[in-house]
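Computed from a predicted model, the values in this text were never measured in an experiment.
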Amino acid sequence: MTIPSAPTGADKPKLYLEQSWWAMSGLGTGEREWTLEEKFAKIAEAGYDGICGFIPGETDTRAWRRLLDEYRLGFSGLAFPSSVMDLKRTMAEAKRFGNVNYLNAQVMDAFVAGDDAVRLLRELLDTAEEAGIALRIETHRGTVTQDLLRTVSYVEAIPALPLTIDLSHYVVAGEMNGTGEAAEACFDRLLAHTAGIHARVSDGEKVQVDIGSDGAHPMLPHFRRWWGKGMREWRRRAAPGAVLPFVTELGPPGYYAITRRLPDGSDAEISNRWEQALLFKRIAERLWAEIDAEG
């Protein structure tokens, strides 16, 4: 097995920019949330290539397919399997929906570890390969990739393990306000398996922070370095025409967004998630341009 780098395009390897649909939750004018079509329009106008999200149900498929076609956006799906049967059900949904670029999997659950986790990961990868679907395993808390050392052991056991890199989970879990030699060495092991990147910045105490309108947050240089390493590792082994998904994924209130309580009892975000997503997108584009110029 080789680490998959689908979806494919033409010519040399390229960056494939996606916006998380989950990250669009609650975004709008301040007076109301954007409609389904307004969200599509915003994503397309911003220059994204596609959307990554839950596979729409049967009642929503027609509207989604129309909007994806109209705005010329690709779609990639999410999976949360704890067994091969779970993955097969999600793959069946992907087939029903049609034209799903790849599945990003958060493999359940955090209490499956060691040989059991390695066995499950191998079974999931084999099942996806047999079905001809590109599968990526996300580095995420609350899953089999719960912690950094455990995930390093998985890439040692499965040399071709394709990872969606989201290091914010390990930074917050390890209370890292920078980096160190041991952590950097572990990150390097995982970045060598980059098959996609989810963009979020943690400060070691909160999984998601506002990096400022100019990206001046002191943790950004670390994440920028890690994203760049992952891009270079992927580029080094990418086939002609392959694309690397880079997903801006800033969680809404109730999950990752930091809020303040208003006098009426409601919660207001202290960050503009959409503007932050666009800033992450620009950072990714600049990083890729630097790497592209290296040849």
Side-chain angles (χ1 to χ4, degrees), residues 3-7 15-25 43 46 48-54 74-80 100-108 134-148 151 155 161-174 176 187 190-204 206-211 215 217 219-220 222-234 243-252 255-257 271 273-274 276-285 287-288:
I3 301 178
S5 49
L15 191 66
Y16 188 83
L17 294 157
E18 295 181 300
Q19 166 66 352
S20 162
W21 191 251
W22 172 63
M24 297 299 288
S25 300
I43 292 170
Y48 283 97
D49 299 302
I51 293 169
C52 184
F54 289 101
F75 181 79
S76 304
L78 300 175
F80 299 85
V100 174
N101 291 328
Y102 65 88
L103 290 177
N104 181 79
Q106 294 180 20
V107 181
M108 303 293 136
L135 182 69
R136 292 166 170 82
I137 309 300
E138 185 174 354
T139 61
H140 201 292
R141 293 168 301 151
T143 74
V144 298
T145 57
Q146 160 83 5
D147 65 72
L148 179 57
T151 308
V155 299
L161 184 64
L163 296 178
T164 294
I165 296 293
D166 184 348
L167 297 184
S168 66
H169 293 284
Y170 298 148
V171 170
V172 72
M176 301 177 194
F187 285 165
L190 302 189
L191 291 169
H193 289 253
T194 300
I197 296 171
H198 280 192
R200 182 185 306 112
V201 169
S202 167
D203 65 356
K206 300 170 288 297
V207 73
Q208 176 176 304
V209 296
D210 188 320
I211 62 171
H217 195 283
M219 282 301 293
L220 181 60
H222 298 294
F223 278 87
R224 190 181 186 279
R225 181 178 68 257
W226 296 326
W227 295 340
K229 282 184 179 180
M231 289 176 180
R232 285 185 175 87
E233 286 288 344
W234 177 87
V243 296
L244 173 65
F246 184 97
V247 185
T248 49
E249 190 197 36
L250 295 171
Y255 295 92
Y256 296 162
S271 177
R273 274 187 292 126
W274 180 240
Q276 286 282 287
L278 298 183
L279 176 54
F280 285 153
K281 176 178 174 289
R282 292 193 296 272
I283 291 168
E285 289 168 328
L287 272 173
W288 187 257

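- Residues Leu161 and Ile137 share a closest heavy-atom pair of CD1-CG1, 4.0 Å.
- Under the 4.5 Å side-chain criterion, counting only non-hydrogen atoms from C-beta, Asn101 is not in contact with Val243.
- Using cut-offs of 30° and 60° on the angle between ring planes, the pair Trp227 and Phe246 is perpendicular.
- With contacts defined as side-chain heavy-atom distances shorter than 4.5 Å, the pair Glu18/Phe75 does not qualify.
- The two residues Leu103 and Leu78 make their nearest non-hydrogen contact at CD2-N, 4.4 Å.
- A cation-pi arrangement, defined by a distance under 6.0 Å to the six-membered ring centre and an angle within 45 degrees of its axis, is present between Arg136 and Tyr102.
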Next item on the list: Step by step, work out the side-chain contact (heavy atoms from CB on, under 4.5 Å) result for Glu249 and Asp166.
Entry: CA-CA 10 Å; Glu249 190 197 36; Asp166 184 348; 3.9 Å; yes
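- In this structure, the separation between CD1 on Ile165 and NE2 on His140 is 13.0 Å, given to the nearest 0.5 Å.
- The two residues Thr151 and Leu190 come nearest to each other via the heavy atoms CG2-CD2, 3.8 Å.
- Within the 4.5 Å cutoff, the side chain of Val107 has no heavy atoms near those of the Thr145 side chain.
- Between Lys281 and Glu285, at least one side-chain N (NZ, or NE/NH1/NH2) sits under 4.0 Å from a carboxylate O, which counts as a salt bridge.
- Side-chain contact check for Gln208 versus Ser168: every heavy-atom pair is 4.5 Å or farther apart.
- Evaluation of the side chain to side chain donor-acceptor pair (under 3.5 Å) rule for Ser202 yields no partner, not counting sequence neighbours.
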Next item on the list: Test Val172 against Arg200 for side-chain contact (heavy atoms from CB on, under 4.5 Å), laying out the working first.
Entry: CA-CA 11 Å; Val172 72; Arg200 182 185 306 112; over 6 Å; no
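- Leu220 CG to Asp203 CG: the interatomic distance, rounded to the nearest 0.5 Å, is 12.5 Å.
- Not a single salt bridge (charged side-chain N to carboxylate O under 4.0 Å, His left out) links Arg282 to another residue, sequence neighbours left out.
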Next item on the list: Apply side-chain hydrogen bond (donor to acceptor under 3.5 Å, both in side chains) to the pair Thr248 and Tyr48, showing each step before the final yes or no.
Entry: CA-CA 10 Å; Thr248 49; Tyr48 283 97; 2.9 Å; yes
Item checked: ring-ring contact (aromatic ring centres under 6.0 Å, His included) evaluation trace for Tyr256 with Trp22 -> CA-CA 11 Å; Tyr256 296 162; Trp22 172 63; 5.5 Å; yes
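- For the residue pair Glu138/Thr143, the side-chain donor-acceptor check at 3.5 Å is not satisfied.
- With contacts defined as side-chain heavy-atom distances shorter than 4.5 Å, the pair Leu167/His222 does not qualify.
- No side-chain donor from either of Tyr16 and Ser76 sits under 3.5 Å from a side-chain acceptor of the other.
- Classified by interplanar angle (parallel below 30°, tilted 30° to 60°, perpendicular above 60°), the ring pair Trp226/Phe187 is perpendicular.
- Between Val171 and Phe223, the closest side-chain pair of non-hydrogen atoms falls below 4.5 Å.
- The CD1 atom of Ile211 sits 11.5 Å away from the CE atom of Met219 when rounded to the nearest 0.5 Å.
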Next item on the list: Take Asn104 and His198 through the test side-chain contact (heavy atoms from CB on, under 4.5 Å) and record every step on the way to the result.
Entry: CA-CA 10 Å; Asn104 181 79; His198 280 192; 3.8 Å; yes
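- Within the 4.5 Å cutoff, the side chain of Leu15 has no heavy atoms near those of the Leu287 side chain.
- The shortest side-chain heavy-atom distance between Phe280 and Val247 does not fall under the 4.5 Å cut-off.
- The two atoms that bring Pro252 and Ser25 nearest to each other are CB-O, 3.8 Å, heavy atoms only.
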Check: Does the side-chain contact (heavy atoms from CB on, under 4.5 Å) test come out yes or no for Met231 and Trp234, once each step is laid out?
Finding: CA-CA 5 Å; Met231 289 176 180; Trp234 177 87; 5.9 Å; no
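- When all heavy atoms of Gly230 and Thr194 are compared, the closest pair comes out as CA-OG1, 3.3 Å.
- Across all non-hydrogen atoms, the minimal contact from Val207 to His169 is CG2-ND1, 4.3 Å.
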